[in-house]
Amino acid sequence: MIYQSEFKSSIIDVPRQPNQEDLFGIQVYQDALIEYIKYTGTPITIALQGEWGSGKTSLMNSLRFSLCDVSSSSYFGVWINTWQFALLHSSSQAVIGILESIINQIGTLNPSQQRWEKSKQVIGGIFKRMAVVGTKVATQTVGLDGEGIEELFTGNDDADSNVEKLKDEVVRLIDDVMAHAKDKNGFIFFIDDLDRIDPPLAVEILELLKNLFDLKHCVFVLAIDYNVVIKGLRPKFGEITAQNEREFRSFFDKIIQLPFSMPVASYAIDNFLVKALQDIAFFNAEELKNQGLVSDLSEIAQWTVGTNPRSLKRLTNTLSLISIINRIQSQKAQEQGSEENQPTALDTFTKKLSYAMVCIQIAYPAIYNLLLDEPDFKSWDNALATRLKAPLIEQSILESLKESEAFDEEWEQTLFRICQQDAYLQQHSFDLSQLLNKIAHMVNNDEELGEIVSQVMDLSTVTNIKAGSANEAASANNAQKRKYVKDTSVYVFRGQRFDGRSKKFDVIHQVLCEYIKDHPDLTAQEMVETMTIWPNAKSYFQLRDAASVDENDPKVAKEYRFDFPPLKEGRVCLPRYMYFKKEFDKHLELFDKLGYHIEVVQE
């Protein structure tokens, strides 16, 4: 298989380096932080807040490069990845390792090797005491005034090995370095991945840094989220409530002088999507010149994965694999000289729909798995909601929903009920409604919506993450039973061939029309009793006023007509069940018994 030289099969999930293009439009925020730090007073602690994958480490890389690494930079840089220290160590070992790394990076900059060796001896003694009592202290509740930290250093009340002595040694080391570096403003300590470690340990580290490094010439830049602090303080304050929220906030404010929330909502993702989707060759350059397509892709992302860079990278990697699988299938079919069922290159519509399905898979896995089971989402109804044990909607809320364009149809109200089962889905129910309506508009054919969605979802199931619980296994089995299959057959009824996209509809509709014509005395009730394979068949056959019947209407026989929801001019819709092979076969069996044989021809 030959690819263009610039083709990439994946978008790697690593922090952006300073020399890489700013695809998310964060440069203005980065420049503002750089200027702020250049002229800030010390000591100060800055917290970069944001969820995993929001770009905190990438921003820290850029700050370190501009403030510490370039020639004539203003600061010495010290970088600590807390997660690496916590990965294979106990809490106390992680704390000691982090302190050792910070102090070692300061000490190596000291112009006096003799002074550094002396400090190492003093600090080494303190660390030995920490190792002895650390296990006990690690199990204690973290205190707001450093009680736990203090015991970690004092042990058996040894005054020579306490927090102040260690702090004094750190002050001397920093002062020595600064005395010989007149062109520097101080040190910037970049503390990364605090939100990846156990929250109580993260809080302990925060308090430790506050107690030891609240010093002149020190700027701390921390990658942490306020929610991690909340979790870490639960052992002391309990669950956060309106009554005690101030205590949580006071701790955070005591540690952090400048909180900076990653501007994820302001990320300009269009540029990233265009470059990434072109790099993996999912869309070609010509397709991506269509601003309408790019706008749709961006809108779909906003409703699902959002603007989180990590989620966007997973999205593009999944699409890349889908594209590669399709290319390999096409190539193998060509090599075997087989044209039957040979995959064709994905057209823009299919790729766009695949993109939407992968977005759902990543952002809303429960809805994705439901779509695997019930792809014809515009047929979602009360029966489905009941089967899924979705809560009922209060009448007042239901009336409000009916006035909303997003939830004025039954399937949308069913979606709303399903979303009430999960806090995250509940928050994003409006986004899901907009997204599914967007997909329905893209397909623009309610009759074949389920079949098209099912076929496109086949492409993305290989990257689906699904737990193996008994309930989910049962759901998977049910999905397999209900799965749409691509029908390559031709149907022949009374000499007439049916081989178009709507052939199942056309042939069943024709049989029903013939059946009604052949039975002029047939009553509506008898028709309902005949079509026993249709749930709620009565709703599909209703007696009409003879005066309202158009004799030229091919869907009308005598005073009866099919009362199916109209989809487009000259077209009506049979029940969605008929599109499943198992259900369609039931129609064939029933019609055979009635004497209306449909011949199935494999071509």
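Between the side chains of Gln413 and Glu409, no donor-acceptor pair is found at a separation under 3.5 Å.
By the 4.0 Å N-to-carboxylate-O rule, Lys402 lies too far from Asp408 to be salt-bridged with it. Between Asp195 and Lys56 there is a salt bridge, since at least one side-chain N of the basic residue sits less than 4.0 Å from a carboxylate O of the acidic one. For Arg494 and Asp518, the salt-bridge test passes: some basic side-chain N is under 4.0 Å from an acidic carboxylate O. Salt-bridge annotation for Lys438 and Asp296: present, with a side-chain N of the basic residue lying under 4.0 Å from a carboxylate O of the acidic one.
Judged as a ring-ring contact (aromatic ring centres under 6.0 Å, His included), and not counting sequence neighbours, the contacts of Trp411 are Phe377.
With Gln278 contributing its side chain and Lys275 its backbone, the two residues share no donor-acceptor pair below 3.5 Å. A side-chain donor-acceptor contact under 3.5 Å links Tyr355 to the backbone of Leu297. Listed for the Asn290 side chain is a donor-acceptor partner under 3.5 Å among the backbone atoms of Leu293. Between the side chain of Gln361 and the backbone N or O of Leu315, no donor-acceptor pair lies under 3.5 Å. Judged by distance alone, the side chain of Ser433 and the main-chain N or O of Ala406 form a donor-acceptor pair under 3.5 Å. Within the 3.5 Å criterion, the main-chain N or O of Glu410 finds a donor-acceptor partner in the side chain of Thr414. Arg497 places no side-chain N or O within donor-acceptor distance of the main-chain N or O of Val492, the cut-off being under 3.5 Å. The backbone N or O of Ala440 sits nowhere less than 3.5 Å from a side-chain atom of Asn437 that would complete a donor-acceptor pair. Side-chain atoms of Thr316 come within 3.5 Å of backbone atoms of Lys313 as a donor-acceptor pair (strictly under, hydrogens ignored). Side-chain atoms of Ser404 do not come within 3.5 Å of backbone N or O of Ser400 as any donor-acceptor pair.
Looking at heavy atoms from C-beta onward, Ile280 lies out of side-chain contact with Ile324 at the 4.5 angstrom threshold. At least one side-chain heavy atom of Leu370 sits less than 4.5 Å from a side-chain heavy atom of Trp380. Looking at Lys351 and Phe283, their side chains come closer than 4.5 Å, going by heavy atoms from C-beta outward. Leu353 is listed as a side-chain neighbour of Val443, based on a closest heavy-atom distance under 4.5 Å. Put simply, the side chain of Ile362 does not reach to within 4.5 Å of the side chain of Thr304, judged on heavy atoms. Within the 4.5 Å cutoff, no side-chain heavy atoms of Val294 are placed close to those of Leu273. Taking 4.5 Å as the limit, every side-chain heavy atom of His428 sits out of range of all side-chain heavy atoms of Trp303.
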Chi angles and distances behind the side chain to side chain contact (heavy atoms under 4.5 Å, CB included) call for Phe416, Ile393: CA-CA 9 Å; Phe416 182 85; Ile393 306 174; 3.8 Å; yes

Derivation and outcome, side chain to side chain contact (heavy atoms under 4.5 Å, CB included), residues His587 and Val511: CA-CA 10 Å; His587 286 75; Val511 171; over 6 Å; no

Do Met457 and Tyr368 pass the side chain to side chain contact (heavy atoms under 4.5 Å, CB included) test, and can you show the C-alpha distance, the side-chain angles, and the key distance before you say yes or no? CA-CA 9 Å; Met457 290 186 77; Tyr368 179 86; 3.5 Å; yes

Step by step, would you call Arg387 with Glu374 a salt bridge (Lys or Arg N to Asp or Glu O under 4.0 Å)? CA-CA 12 Å; Arg387 176 164 66 85; Glu374 297 285 346; 3.1 Å; yes

Worked check of side chain to side chain contact (heavy atoms under 4.5 Å, CB included) between Cys419 and Leu432: CA-CA 9 Å; Cys419 288; Leu432 274 164; 3.7 Å; yes

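Of all non-hydrogen atoms in Leu312 and Ala301, the two that sit nearest each other are CD2-CB, 4.3 Å. For the residue pair Ser429 and Leu415, the shortest heavy atom distance occurs at O-CD2, 4.4 Å. The minimum heavy-atom distance linking Ile300 with Cys359 is given by the pair CG2-SG, 3.9 Å. Minimum heavy-atom separation, Ser354 to Phe282: CB-CZ, 4.2 Å.
Aromatic ring centres of Tyr515 and Tyr596: separated by under 6.0 Å.
The local environment of CD in Glu394 is sparse, with at most 12 non-hydrogen atoms from other residues, nucleotides or ligands closer than 6.0 Å. Taking a 6.0 Å sphere around CD of Glu405, one finds it holds 12 or fewer heavy atoms contributed by other residues, nucleotides or ligands.
One finds the CD atom of Gln302 at 11.0 Å from the CD atom of Gln434 (value rounded to the nearest 0.5 Å). Separating the CD atom in Gln426 from the CD atom in Gln421 is a distance of 10.5 Å, to the nearest 0.5 Å. Lys378 NZ to Asp446 CG: the interatomic distance, rounded to the nearest 0.5 Å, is 4.0 Å. For the atom pair CZ of Arg417 and CD1 of Ile397, the computed distance is 12.0 Å after rounding to the nearest 0.5 Å. The CZ atom of Phe591 lies 13.0 Å from the NE2 atom of His597; values are rounded to the nearest 0.5 Å. For the atom pair CG of Leu436 and CD1 of Ile360, the computed distance is 5.5 Å after rounding to the nearest 0.5 Å.
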